[in-house]
Protein chains: 2
Amino acid sequence: MKIGALSTKTGLSIQAIRFYERKALLSAPERTQSNYRSYSDVALKQLMFIKQCRALDMTIEEISLVLQARANPDNSCAEVNATIDKHIADIEHRVDELKALQSTLISMRSSCTIDTKIKECGVLHKLDNIVEMQATYKK
Amino acid sequence: MKIGALSTKTGLSIQAIRFYERKALLSAPERTQSNYRSYSDVALKQLMFIKQCRALDMTIEEISLVLQARANPDNSCAEVNATIDKHIADIEHRVDELKALQSTLISMRSSCTIDTKIKECGVLHKLDNIVEMQATYKK
DNA sequence: CTTGACCCTATACTTGGTATAGAGTTTACA
DNA sequence: TGTAAACTCTATACCAAGTATAGGGTCAAG
């Protein structure tokens, strides 16, 4: 299977597949005589797993951890669980932050219900005046 | 006021201030004879406004729109309101997505309550099997 | 035999900054 | 007055998680 077929089957872009290879999430495949990547079904499964993890918003690094763990079937899965737990906590944190932002925005927005002029706009006045800053989290 | 003092007063890093200048959110200040940036209190207010907008998770582009609008006090504030409304909707969308992710993760995690071996780990099995993909939104 | 579809590598771009190198300037203190 | 510390300057590289492009090579059909 060449990269185009793999891309179609997985729904991932060709560049994304090459990107995962560079990031070592996917091991480098065999090459044809003309230097084309040639994949087996193992690669397909691996990519679907990666896609699944990405759909769960896991970072490349987190996925890398889980993949490494998965490669050693007799090891404990404590690390995998810790990775997932941390990820769940991260998402919860982000949701809380976004909700706080949203309520600030909504209350701000409610101060200008009819469109008026800039200089009288309640939204802009509030933007000028809000003192309490909301922390921003980068994930 | 030199850039260091402005950085202290605003709580923004020096690099961030120069970054906002490059992005044209902040107009280029006067320079001293030795080419140091020299700021007035107007710049301080502008930066606090920008900081406030960033704390509300607005993008540079959104802030740029709002700043442009703000520069014309007699124009309608409809655009500002539209920007804020879209931003609120974006956040709501993201919150919904993250909640969906979280419940998937939590249900997955619950399938491996005692740490066991990788090959028996319910979390990994679920990761292998979940078919329904969750859409990811990039904001 | 040439056109189109595919593949290759390498590089630049995105967002919102942060971190560095290597240089010049100003301030404090002895 | 000297000099060392603290400050500033520009330019560049880096982060995540890819996307987009340039400029080439390869393959199958008509």
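Worth knowing before you read on, the calculation uses all heavy atoms, side chains too, and leaves out hydrogens, waters and symmetry mates. First the proteins, then the strands, lettered A, B, ... as listed; each starts at 1.
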(request) Mind checking the CZ-CG spacing from A/R109 to A/L105? Nearest 0.5 Å is all I need. (result) 11.0 Å
(request) Hey, could you give me the CG/CG distance between B/D85 and B/N81, rounded to the nearest 0.5 Å? (result) 6.5 Å
(request) With sequence neighbours left out, write down each residue that passes side-chain contact (heavy atoms from CB on, under 4.5 Å) with B/E120, or none if nothing qualifies. (result) B/T116, B/K117
(request) May I ask you to establish whether A/R70 and A/F49 are in a cation-pi arrangement, using a distance under 6.0 Å from NZ or CZ to the six-membered ring centre and at most 45° from the ring axis? (result) yes
(message) Between B/D57 and A/R94, does any NZ, NE, NH1 or NH2 come within less than 4.0 Å of an OD or OE carboxylate oxygen?
(response) yes
(request) Between protein and nucleotides 22-30 of chain D, map the contacts as a letter string: B base, S sugar-phosphate only, - none, heavy atoms under 4.0 Å, written 5' to 3'. (result) ---BBS---
(request) Would you give the length of the straight line joining atom NZ of B/K51 to atom CG of B/L56, rounded to the nearest 0.5 angstrom? (result) 12.5 Å
(request) Go through DNA chain C in 5' to 3' direction and return only the first and the last nucleotide with some atom under 4.0 Å of chain B's heavy atoms. (result) C/dG16 to C/dT26
(request) Before accepting this row, confirm whether a basic side-chain N of the pair A/K86/A/D90 lies closer than 4.0 Å to the acidic partner's carboxylate O. (result) yes
(message) Testing the basics here: between B/E62 and B/M58, what is the closest heavy-atom pair and its distance to 0.1 Å?
(response) OE1-CA, 3.2 Å
(request) Could you tell me the separation between the NZ atom of B/K99 and the CG atom of A/L98, rounded to the nearest 0.5 Å? (result) 10.5 Å
(request) To the nearest Å, give me how far apart CZ (A/F19) and C1' (D/dA17) are. (result) 5 Å
(message) Return the CD1 to OG distance between A/I17 and A/S7, rounded to the nearest 0.5 Å.
(response) 5.0 Å
(message) Suppose we screen for side-chain contact (heavy atoms from CB on, under 4.5 Å). Which residues come up paired with B/Y36, at least two apart in sequence or across chains?
(response) B/K2, B/T32, B/S34
Distances under 3.5 Å between nitrogen or oxygen atoms of protein and nucleotides 10-15 of chain D:
unit_1: D/dT10; atom_1: OP1; unit_2: B/R31; atom_2: NH1; d: 3.2
unit_1: D/dT10; atom_1: OP1; unit_2: B/R31; atom_2: NH2; d: 2.9
unit_1: D/dT10; atom_1: OP2; unit_2: B/R37; atom_2: NH1; d: 2.9
unit_1: D/dT10; atom_1: OP2; unit_2: B/R37; atom_2: NH2; d: 2.9

(request) Grab the OH-C1' distance between B/Y39 and D/dC9 for me, whole Å please. (result) 11 Å
(request) Could you pick out which residue, B/Q15 or B/E61, lies toward the 5' side of DNA chain C when each is mapped onto its nearest nucleotide? (result) B/E61
(message) Using side-chain heavy atoms (C-beta onward) and a distance below 4.5 Å, is B/L25 in contact with B/F19?
(response) no
(request) Have a look at the helix from C/dC1-D/dG30 to C/dA30-D/dT1 and give the angle its two end axes make, five pairs each, rounded to 10 degrees. (result) 30°
(request) Rounded to the nearest angstrom, tell me the gap between atom CD1 in A/I63 and atom P in D/dA17. (result) 8 Å
(message) For A/E21, I'd like to know if atom CD has over 12 heavy atoms of other residues, nucleotides or ligands within 6.0 Å.
(response) yes
(message) Expressed as a whole number of angstroms, how long is the span from A/I14:CD1 to D/dA20:P?
(response) 12 Å
